[in-house]
Structure formats: C-alpha cells, structure tokens
Trainee: 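Below is a structure I'd like to ask you about.
Reminder, nothing fancy here: chain letters follow the sequence lines and each chain counts from 1. These numbers were taken from a predicted model, which means no experiment stands behind them.
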2 protein chains.
Amino acid sequence: MDQRIRARYSIDTAQSPERAAEVIAGEQSTGTFTRVPGETDELRERHGARVESVTPAGEGTCEVEISWPVSNLGPSLPNLLATVAGNLWELKQFTGLRLLDLKLPPVFLERYQGPQFGVAGTRRLCGVEGRPVIGTIIKPSVGLTPEETAGLVRRLAGGGIDFIKDDELQCDGPHCPFEARLAAVMRVLHEHAGRTGKMVMYAANITGEIDEMLRRHDQVVAAGGTCVMVSIHSVGLPAVAALRRAAAVPVHAHRNGWGLLGRSRDIAVSFVAWQKLWRLAGVDHVHCNGIANKFWEPDESVIASARECLKPMFDVPGKGCEIMPVFSSGQTARQAPPTFAALGTTDLIFAAGGGIMAHPGGAAAGVLSLRQAWEAAVQGIPLDAYAATHPELRAALDRFQ
Amino acid sequence: MDQRIRARYSIDTAQSPERAAEVIAGEQSTGTFTRVPGETDELRERHGARVESVTPAGEGTCEVEISWPVSNLGPSLPNLLATVAGNLWELKQFTGLRLLDLKLPPVFLERYQGPQFGVAGTRRLCGVEGRPVIGTIIKPSVGLTPEETAGLVRRLAGGGIDFIKDDELQCDGPHCPFEARLAAVMRVLHEHAGRTGKMVMYAANITGEIDEMLRRHDQVVAAGGTCVMVSIHSVGLPAVAALRRAAAVPVHAHRNGWGLLGRSRDIAVSFVAWQKLWRLAGVDHVHCNGIANKFWEPDESVIASARECLKPMFDVPGKGCEIMPVFSSGQTARQAPPTFAALGTTDLIFAAGGGIMAHPGGAAAGVLSLRQAWEAAVQGIPLDAYAATHPELRAALDRFQ
C-alpha cells in the first residue's frame, strides 16, 4: 500500500473551490494545460494527486487538503519541495495561496536522520535543566575583531550565560575571519570551563559553501566547540542534510529570510509546515522569533511555530524529530512570563542581545535578570514582586519598558 | 579601497522614508534595537551599511539604495543572502518591501565560477544557430515508465526537437528511477544522433541531495548526455555552486517555487535581482516563464527577467555571466512573434509541452510548427501569412487559439 504525502493549503479564489483544488492536483502531478496523449485514466489514477477535502473558510477562501503517492518522487526533500511548494504560486486560478501544514509518511525517516541532539541533547551539553537555556547574540553584529569578540564572550561567560551565538551577519569576513574568531572564543570558553566546570555552548556561524561548512564544523569540533549555526535559507535543505550526516554537535538553524516566505497574507508558507522540512533534514534548534518581538510577527504565530517544534512530526516512537525552539528578537526579562504561559514548558533557548548587553549593570547583570525572570515565571510570581528582592531584574524592568 | 555591495529596494512605509532606510542599514549591519556598548562611531563608519539614496516613488512608497562593504562578509553568496535578503522582511517599519536589484563587486568572481556554457556553449552543444533552441518537457509530468519516456523521446527527436527536459516533478521516484530513465533516453538519443548527426540536449532532472546530484551528473556525462537540470529553490545556492565546480555539461535551472518569492506585491524579490545569484553560482539556463503564459505573471515581468539574463552582471570583459533564458508555460507557435519583438534576439530556449504534444499532427508537426513560427517572427512575416505555405503552423494556429 503506497504511503501518501499530505499538504493543507488555504486558497483565495473567485472560482469554485473544488475546481481550484483540482487545478493544484493536476498541475502538481500528471497534468498540463491541455490533455496530452500519454495521460491515460490508469496513469491518472495511479500517479495523480488527490483532493482529499475542500472546506470553505469564509468569503472566497477555502482550505483544501491534497495528497500525493510518495512513489511519484520517493522520500526526497528537494523533490518534495518541487511537488508541494513548486509552481503552485504561479497559478492564476488563485489570488492567494498559503501552505498551512504538511504530513509526511514515515518512509522519509529511511532517507533522513532528523535531529541528532534535540532538546535533551542540547540540555545535556549546556548542563541546564528545569529552565530555558539562556542565550545571547554577539553584538554589534559585525565589526568586532576576533579578540574583541572573545573579550565580549569572556564577560558573558562570566555572567553565567549558557549559550552564545554569532550574529547571522557575521561569518567569515576578512575583518573577523572564522578560524581566528573560533580560536579566540574557544580559548576563553575553555578557560571559563576550567574555572567553573561549565562549557558555554557557542553556536559558531559556519554558513557558507558546502565544503566550507563541513570544514568549519570539523574545526569547531576539533576546538572543543559544542554547536554550529547555519542560516538555513541561505544554504538550502541538501546542505543541511549533508551537514547533519557529518555533524558531531547540534545544528542551530537561523531562519533569517523567513519573512520573505511567511509574512505575506496572500502568498506564503506557514512556519508550522516549513520547520518540518528542516527538522527532518537534521537541525536541532530553530529560531521562532519571540513574544512582543521587535519584528512584525504576532505572538500567536510565534507560539504556534514554537509549539510545533516540540511536537512529534511522525507517529513513530522515538522518531518524532522534536527540536528546541529559539526565542529571539528584542527579548528582555519582560517576555519570560508570557512566553512560559503560552508555551507551558521551559524547553527553549531564550536569547537576548540588547536585552543583556544594554542592561545598566552590564552583561552579567543582564544574564542574571533573565534567569530571575524565568524563575519568577515558572513559580508564577509577578515580575515586579520578584524584582523586589532581585535587583538585576528590577534594573532590567526599569531599563526595558 | 573596499568594494561595496549595492541593493535597491522598494519600500512601503508610513514612516519617513529616510528613517526607514536607516533602519534597514542598521539592522543589516552593526545595529540592534538598542545601542550597545561596542558599537563605536568608528565601527559604524567602517562596517555600517550606508544609505546611498532615497527616492520617493508615489504615495507611501520609495526606492532606496543601500550599500555594504564587502569586507563585512567576504564574497560569499550564502552570507550575501543573510545580508541583503535576511531579516529585512521581518521589520515592522515596512508594510511592503521588495528587493529590486543587486550590484555585486567583481571580487565575487574570485570565489564563484559563473556559467560554464551560457548561450554560445549551449548553441554549440545543440548545433543550433540563428534561431531559438526549440525544447519541450516530458508530459505527463509523472507516471511514465523509463521505456515509455524513451518512446516519447524517440518521437520528439524524430520530429527535429533540439532540447528535451524532464518535468520538475519527475526525478527519481520508484516508478521511473533516474538511472533507468537516463539509460533508456540516452539509448534513443544516441541512435538518433547516429542516424542524423544531431545530439538532442536532454536536461535530466538530477535534483536531490548533494551526493545524489553529483553522482547523477557523472552518470549523465558517462552516458554521453549534454545537460543536467536542477530545481534551484529546492537545492539552494551552495549545492548549485558545488555542482558547477564538478560540471562538465550545462546546468539548466528550473525556478519552480519562484512564485512564493516573487508574486506578492508587498513582500517579494524581483527576478532581475534573484537570477544574478544563480548565474554567479554557475547555472547556464534559467526559466523565465513565457509571453501570454498560463500563470499569473504579466508579460513585462517575463521580458524584464529574460533581458536581464542576457545582460552582463559585472563590468568585466568576458566575465558578464550572461546565460540563456528559457521560455516555458503554455507556449505555442503563437508566442514566437511577440517574444522576438520584446526580446530582440533568438538567444533563448523556447520550450513547449502541450504546445508540441497536443499538436493535431503529432509531436513532429508540433516541433515543426514552432520552428516555422520563429522563422516567420525573425523575418517579420505575420503568422497567418506564413501559415499559408506551412501546414504544421496552420494546424497549430487552429488548435491553439
């Protein structure tokens, strides 16, 4: 019995929704704009995409579910993209089309490895349980030398941070070459670990050509690093899958460029669908924006993405491919309680840039303020009350209004 | 003197356009939402992005040009994406943002190879001069066995076609495995070449994981094939660059999924900007849709894309990275004259699926009708007049209204 790939779309059309759904199914399987001789009924029956359901969802909008036999393409992520997210947005039958969700058959697990570390592995490497992994981004994003970067890392590590990442704009420019930065940062982190027993997770941005990424990954591992970061939309699914096959540390997925795919109301993909592709390819963490972020995205969308990361994407025990959502973008102590309330777990990386570095007490106080805010959130104590006995939190609340 | 990367955007904003442009420049270089200690004036001067111009373009819309020192990132395409097309679309300062064009400094030519074959190399391999390369797509897109595919290829080759491509939905499914299809098709094409001296260019869809693509490329070359096809948005820039480094035949770029990036009026990239990235990475042909296509895209957008492919993207003699645009989507004999009129050249691949296979005289007559239509176009003779002495064209005009 052939396994099927299922995709759910929201479509805006002036046509009959049933007819519009058939156009997708035809265009994305056996059809073209005119029936050609080889397109027999038997071939259509065996290989055609099937309209599983059409549900009206308000004026001119409907939700449709389409399915494909996996044997049309095999369990291949790049070819899956061409099928479920290929020429669809070109069709003039629609004024709007959004890919809402995807359900892949388990045969994809035979080809792809999924996340290697996920939540538990990341917690183990960070030595953090019972609260979020508190993280930060090196700022200024670009312009610091390797030694300046390492100096900042020293202050942050001293402040008790769990996780530090390069900015997505910083990778291997001549002013701050990857190898020199990695060496300088790891020297500081090893010194810190020697003193404290805690190895801070450093997500080194290895984004680049495939050979560069694999080489930089090996350099990170050789230097005793515990994470690599990639800008997933800059490198593509095959590069991530290749990295995963070689990876000895968690892969931290930065989703910069996501707005181009997800922001439009008319022509878009939902991150609920999109993140599944990258999880299967093998990332361990993915950015989901943050509550009350500095960007355009509403909180409910942020939370839907993050919840989905923590939910199994296959009904196969131990193979759900759950990963750690990363909250980031204008985050400060203030966002801890609403984030915990909405997510119901501390299984996340909570990353703040300015929210730590611009703390009036300095970076160490910034880190402390976030840990205090999460303590308050988990214990259900209002921030202002908790701040009465926690001056770093108090200062953060005063600084970040 | 540092070379600079330049990007031109159209932005919709309720704010002052100057302020909005500064937000992009800050977010995409040294800034974050609050000034942090390390962001000195000297660092901003050296590494900050610069607003080069702000030009009002009607109500609430303006065009801005931003530039970056290439030393922020080095000549790296994946890192370029994070810089010029990264978190920009997340910014709430804009209701709309479109990347219109890109100008890269020549230092990128030291890292990337650009197209290996381009127009001249493709013409040489196809043995076609003075007219477009006439092509077609195997249809039905999926469902044919390797032997059925080869049977269709036999009919098309017999009809005088120059170029045949797999559909982007057909790659390596269990019903039509890549290796079996390649072997069956190449057997037919070699027989045909032995009889006629003409080797039809077959763009075999090698889209997949990186090792799969490189292996399939080698199989194509070993089988005497002269082209490989990839769905560029399914595989990403690093995979294309890796393929280019290994490639011994032209790389045919299918842009399925493009609508997701280019169709929205608010949140989009122009193909004029986008195609430059893939050319530099090394593709030789790219799909640009077609005049009066079956999709949503207006003709002027199609023509702007195609013209850009044929224009140098660097002011370096012999290194312009010009490539061959591919016209496709609902194309028939009728589109030849307006395509030639708009483009002013025959340096293109003109591909028709149904327009060939659904010709009432069969595939061979379909191919002939397209060659006749282009003869008429180049000679400035109206199609109906030329059809009076060319029955295949006459039949095509009657069939495709």
Trainee: Does any backbone or side-chain atom of B/Ala85 lie under 4.5 Å from a heavy atom of chain A? Answer side chain, backbone, both or neither.
Mentor: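 Only the backbone of B/Ala85 comes within 4.5 Å of chain A.
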Trainee: Measure distances from A/Ala268 to the heavy atoms of chain B and classify the residue's part below 4.5 Å as side chain, backbone, both or neither.
Mentor: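 Looking at A/Ala268, just its backbone touches chain B.
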Trainee: Give the member of A/Pro177, A/Pro75, A/Gly48, A/Ala82 that has the highest number of heavy-atom pairs under 4.5 Å with chain B.
Mentor: A/Ala82
Trainee: What part of B/Gln93 lies closer than 4.5 angstrom to a heavy atom of chain A: side chain, backbone, both or neither?
Mentor: neither
Trainee: Given heavy-atom pairs under 4.5 angstrom as the criterion, report whether the side chain, backbone, both or neither of A/Glu42 touches chain B.
Mentor: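 Neither part, no heavy atoms under 4.5 Å.
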Trainee: Do A/Leu73 and B/Cys171 have side chains that approach each other closer than 4.5 Å (heavy atoms only, starting at C-beta)?
Mentor: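 When only atoms from C-beta onward are counted, B/Cys171 and A/Leu73 do not touch, as no gap falls below 4.5 Å.
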Trainee: Identify which part of B/Val230 has an atom lying under 4.5 Å from any heavy atom of chain A, answering side chain, backbone, both or neither.
Mentor: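 No part of B/Val230 comes within 4.5 Å of chain A.
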Trainee: For chain B, which candidate among A/Gly257, A/Gly262, A/Gly74 shows the most heavy-atom pairs at distances under 4.5 Å?
Mentor: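 Ranked by contacts with chain B, first place is A/Gly257.
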Trainee: Answer with side chain, backbone, both or neither: which region of B/Arg111 has an atom nearer than 4.5 Å to a non-hydrogen atom of chain A?
Mentor: side chain
Trainee: Please classify the contact of B/Thr145 with chain A as side chain, backbone, both or neither, using a heavy-atom distance under 4.5 Å.
Mentor: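 Contact with chain A involves no heavy atom of B/Thr145 at all.
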Trainee: Is the shortest side-chain heavy-atom distance between B/Glu297 and A/Lys92 below 4.5 Å?
Mentor: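 B/Glu297 does not reach A/Lys92 side chain to side chain.
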Trainee: Under the rule for side-chain contact (heavy atoms from CB on, under 4.5 Å), what residues qualify as partners of B/Ala352, not counting sequence neighbours?
Mentor: B/Gln331, B/Ile356, B/Leu370
Trainee: Checking B/Ala253 now: which residues fulfil side-chain contact (heavy atoms from CB on, under 4.5 Å) with it, not counting sequence neighbours?
Mentor: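 In terms of side-chain contact (heavy atoms from CB on, under 4.5 Å), with neighbours along the sequence ignored, B/Ala253 is linked to B/Ile232, B/Val283, B/Val286.
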Trainee: Which heavy atom in A/Pro78 sits nearest to a heavy atom in B/Val235, and how many Å separate them?
Mentor: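 Taking A/Pro78 first and B/Val235 second, the nearest heavy atoms are CB-CG1, 4.3 Å.
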Trainee: Mind ranking A/Gly236, A/Ser231, A/Gly208 by heavy-atom pairs under 4.5 Å with chain B and telling me who comes out on top?
Mentor: A/Gly208
Trainee: Do A/Phe295 and B/Leu91 come within less than 4.5 Å of each other through their side chains, counting heavy atoms only?
Mentor: yes
Trainee: Is there a side-chain contact between A/Glu27 and B/Lys294 in this structure, where contact means two heavy atoms from C-beta onward sitting under 4.5 Å apart?
Mentor: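 Result yes, sub-4.5 Å side-chain heavy-atom pair found.
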Trainee: Here's a test for you: under side chain to side chain contact (heavy atoms under 4.5 Å, CB included), which of B/Leu81, B/Leu80, B/Leu237, B/Thr83 qualifies with A/Ser234?
Mentor: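 The option that passes is B/Leu81.
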Trainee: Can you confirm whether B/Leu169 sits close enough to A/Gln28 that some side-chain heavy atom of one is under 4.5 Å from a side-chain heavy atom of the other?
Mentor: yes
Trainee: Between B/Arg245 and A/Asp211, does at least one N-O distance fall below 4.0 Å, as a salt bridge requires?
Mentor: yes
Trainee: How about A/Asn79 and B/Asn205: do any of their side-chain heavy atoms sit closer than 4.5 Å?
Mentor: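 SC-SC contact between A/Asn79 and B/Asn205 confirmed.
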Trainee: What I'd like to find out is whether the side chain of A/Ile267 reaches to under 4.5 Å of the side chain of B/Leu261, using heavy atoms alone.
Mentor: no
Trainee: Given that the side chain runs from C-beta out, which part of B/Asp172 has a heavy atom under 4.5 Å from chain A: side chain, backbone, both or neither?
Mentor: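 The answer is the backbone of B/Asp172.
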Trainee: If you count heavy-atom pairs under 4.5 Å with chain B, which of A/Gln170, A/Glu90, A/His254 comes out on top?
Mentor: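 So the answer, after comparing A/Gln170, A/Glu90, A/His254, is A/Glu90.
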Trainee: Where on B/Asn293 is there a heavy atom nearer than 4.5 Å to chain A: the side chain, the backbone, both, or neither?
Mentor: backbone
Trainee: Does B/Glu168 form a side chain to side chain contact (heavy atoms under 4.5 Å, CB included) with A/Asn87? I'd like the steps, not just the answer.
Mentor: CA-CA 9 Å; B/Glu168 80 272 13; A/Asn87 267 345; 3.4 Å; yes
Trainee: So, taking the atom named CD in B/Glu148 and the one named CG in A/Leu43, what distance separates them when rounded to the nearest 0.5 Å?
Mentor: 7.5 Å
Trainee: Of the backbone (N, CA, C, O) and the side chain (C-beta and beyond), which part of B/Phe178 lies under 4.5 Å from a heavy atom of chain A, both, or neither?
Mentor: neither
